[in-house]
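Below is one structure, written out as C-alpha cells, with a few remarks after it.
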Amino acid sequence: MRIKVHPVLGPLKGKATIEIEVDGRRISAIPGEMISSALIAAGIKVFRTTHKKGEPRGYFCGIGQCTDCMMTVDNIPSVRTCITPVSKGMKIKTQYGHGKWEV
Amino acid sequence: MGCSLAYYLARKKIRVILVEKSHVGAEASGRNAGGVRQQGRNPAELPLAMESVKMWPSLSKELGYDIDYRRVGNLYVARNKKQLEDFKKRVEHEREAGLDVRMVTPAEACRLMPSLVKEKIYGGTYCPTDGVANPIRITFAFAQAAKALGAKLYTHTEVVGIELSGNEIKFVNTTKGKMGGEVVVNATGPWASVIGKMVGLHIPIQPKRAQMMITQQLPQNACAPFIVTPGDYGYWTQTLHGNVLLGHTSRPVEQYDIGVTFEAISFQTQKTLQFLPSFKKVAIIRCYSGLTEWTPDGIPIISFVKEIKGFIVDAGYSGHGFCIGPISGKLVSEMIIDGRPSLSLKAFEYSRFQK
Ligand SMILES: Cc1cc2nc3c(=O)[nH]c(=O)nc-3n(C[C@H](O)[C@H](O)[C@H](O)COP(=O)(O)OP(=O)(O)OC[C@H]3O[C@@H](n4cnc5c(N)ncnc54)[C@H](O)[C@@H]3O)c2cc1C
Ligand code: FES
C-alpha cells in the first residue's frame, strides 16, 4: 500500500526503480524512501518477533522512537527500518529476538 | 572496597560504620567494565585475583542478590609480533603460578570472538576462568548484606577532616558529625591522597579518567569473551542484556572531573573500527566516565601505616580493582581482626613509597 496523493505532502514523487531483498525475496523500492515504506508497499507487516514471547512486531511510531520496526539489515541486527533509507541490493531479514551476529 | 570490607567485618560481628560521600557504587566500583580478570596482572596481584575468582561464583547466593556473574573468559589479542612475544613470557609465568591460561592462534581467537579480523591479529592468550559481573549490583549487594548484618551505612556523608592526638585518631569529622572507631580505613580510591592529607600523610595516588561507550543491544555472541588488546587501545565486553561496552584506557584528569569528552569518543570509535570493523553500523546509545586511582607502581596500597595508630590505607587499585574486591575485603577484615591475612599482603605495604 502506498499513499498516492497525500493531503499535505502532495502527490507521490519518485518511482520504484531499485530492488532490495527481504528474507530472500526481491521487492522494489523508491530511492530515498525508508525500508519500512518499501516493506509496507510490498504487503509485509511483520518485521520481527519479540525475544521473550515471540510476538510479532512491525511499523508503529514511524519516527525512530519505539524500536518496534527493528530488523537485521546487511547482517547488523536491530536496525530501525523506519529511519533507515533503502539502498540498492540491501539484504533485510526478519529478526527473531535479538537476531544473530554474523560477520 | 569499602562495601566489601564492611560486609566481611560485619560477618565476623565487628561493628562497622561505612561513610560514603555520595551513594553506594557512585564511583569506580559502580562504573567499571565489570571485568573479573586474572590474566595480564602484576605477578604480585595474581594470587589475590585467583583467590577472588574462587569467591565470585557463590556471591549471588551468599549475598542474596543476583550480581550477573558469568565466566565468559578473557581474551588478550596481540596486534603485532612484539605483543605476542610478551604474551608468551607472561603466560609461562602465569601457568607456573597455577593459572589456567593458554596461547591461541589467530584462527582460534576468531572462533572465540567472530568480529576479530584474522589477518590483522597475531594471536592471543585466553583464560577461560575469567569473567564478568555487574558492578552496580555487586557493590549494592555487599552494602545491603553488610547493613543486614548490622553495619551502619552513612551515604551522602563526606569525611571532611580527621582529628589527631599525637599519633592516634580522636575523631573522623563528617558532614553528619563526629564519628570514630578503633581502626579507620581509607578506602576512598582516587581520593585517598585527600584523606591522607587530613592526617599529614603523603599517599601517592593520582586520579585518571576512563571513558566508556555503550552500544545498542546485540545478540550475545557479538562480544562473547571480555576482549583486551594492549597498548593505548581499549577493551570490549558485553552485558547480560546484550549491550557491548567499549572501554578506553585511562587519561590524566584535573579536579576529579568525570565529564565525557569528544576526543575520547572519537579515539574509541576509530580504534574499535580498526580492530572490529563489523561494528561499523552499530549504534552507540550512551557514554559515561569514571575515575581510576593510580599508584606509581600500578599495584594497590593495602596496609597499616606506622605513623598513625589504627589507620589503614586500602586504595590505589590502579584501574583494575574490581576483580580483587571480594578477596580484598576479606583480607583487610582479617588484617583488622587478628593481624593475619590468609594471603600475604607484603607487596602492598605503604612503606614501599617512603624510601
Ligand atoms: C571506567 C572504568 C572501568 C574499569 N574497568 C575495570 C574492570 O573491567 N576490571 C577491574 O578489575 N577493574 C576495573 N576498573 C577499576 C575498578 O573499578 C576500581 O579499581 C575499583 O572499583 C576501586 O574501588 P575503590 O573502592 O577503591 O574505589 P571507588 O569505587 O572509587 O570508591 C571510593 C569511594 O570513596 C568515596 N569517597 C571519596 N572521598 C570521600 C570522602 N571524603 N568522604 C566519604 N566518601 C568519600 C567515593 O565517593 C567513592 O564512592 C575500572 C574503573 C573504571 C573507572
Ligand atoms: S516504527 Fe518506531 S522506531 Fe521505527
Side-chain angles (χ1 to χ4, degrees), chain A residues 18 20-23 29 32-36 38-39 47-103, chain B residues 66 68 70 72-73 75 77 104 106-121 124 132 213-227 229 236-246 269 271-286:
Chain A
I18 60 171
I20 59 175
E21 206 181 291
V22 187
D23 295 330
E33 75 177 334
M34 300 304 139
I35 297 169
S36 56
L39 294 178
F47 291 8
R48 68 174 182 108
T49 60
T50 58
H51 86 281
K52 279 191 192 146
K53 297 187 179 165
E55 290 171 345
R57 290 289 183 273
Y59 184 86
F60 183 61
C61 74
I63 52 169
Q65 296 299 300
C66 71
T67 67
D68 259 10
C69 65
M70 296 191 305
M71 298 179 87
T72 299
V73 177
D74 288 338
N75 278 343
I76 303 293
S78 305
V79 173
R80 287 167 293 174
T81 55
C82 72
I83 52 162
T84 307
V86 293
S87 67
K88 207 174 143 212
M90 199 174 226
K91 287 195 172 53
I92 296 151
K93 282 188 206 138
T94 302
Q95 182 170 318
Y96 301 95
H98 296 317
K100 278 196 195 130
W101 182 253
E102 290 165 306
V103 288
Chain B
D66 196 351
D68 296 351
R70 290 162 295 144
V72 294
L75 178 66
V77 182
V104 293
E108 277 176 276
C110 292
R111 260 201 301 284
L112 291 162
M113 170 71 174
S115 313
L116 288 167
V117 182
K118 205 165 92 188
E119 294 69 35
K120 284 192 177 179
I121 61 175
V132 288
M213 292 171 76
I214 308 175
T215 72
Q216 65 178 93
Q217 208 173 27
L218 293 171
Q220 273 303 334
N221 64 333
C223 188
F226 193 111
I227 310 288
T229 183
W236 297 264
T237 177
Q238 193 166 13
T239 66
L240 189 62
H241 295 280
N243 311 81
V244 174
L245 307 182
L246 323 184
T269 44
K271 295 288 176 199
T272 300
L273 292 186
Q274 281 167 23
F275 194 57
L276 308 169
S278 50
F279 276 73
K280 190 167 171 207
K281 288 192 181 153
V282 166
I284 302 290
I285 59 170
R286 272 194 289 283

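Order of the sequence lines sets the chain letters (A, B, ...), proteins ahead of strands, with each chain counted from 1.
Between B:L112 and B:P225 the shortest heavy-atom distance is O-CD, 3.3 Å. Minimum heavy-atom separation, B:L116 to B:A109: CD1-O, 3.7 Å. Counting all heavy atoms, side chain and backbone alike, A:C61 lies closest to A:C66 at SG-N, 3.4 Å.
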Hey, what donor-acceptor pairs show up under 3.5 Å between chain A and chain B?
unit_1: A:P77; atom_1: O; unit_2: B:Q216; atom_2: NE2; d: 3.1
unit_1: A:S78; atom_1: O; unit_2: B:Q216; atom_2: NE2; d: 3.2
unit_1: A:W101; atom_1: O; unit_2: B:N221; atom_2: ND2; d: 3.3
unit_1: A:W101; atom_1: NE1; unit_2: B:S115; atom_2: OG; d: 2.7

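Applying the ring-ring contact (aromatic ring centres under 6.0 Å, His included) test to B:F226 and every residue at least two apart in sequence or in another chain returns B:Y235.
Note that CD1 of A:I35 is 10.0 Å distant from CD1 of A:I83, once rounded to the nearest 0.5 Å. Atoms SG and CZ, on A:C69 and A:F60 in that order, are 11.5 Å from each other to the nearest 0.5 Å.
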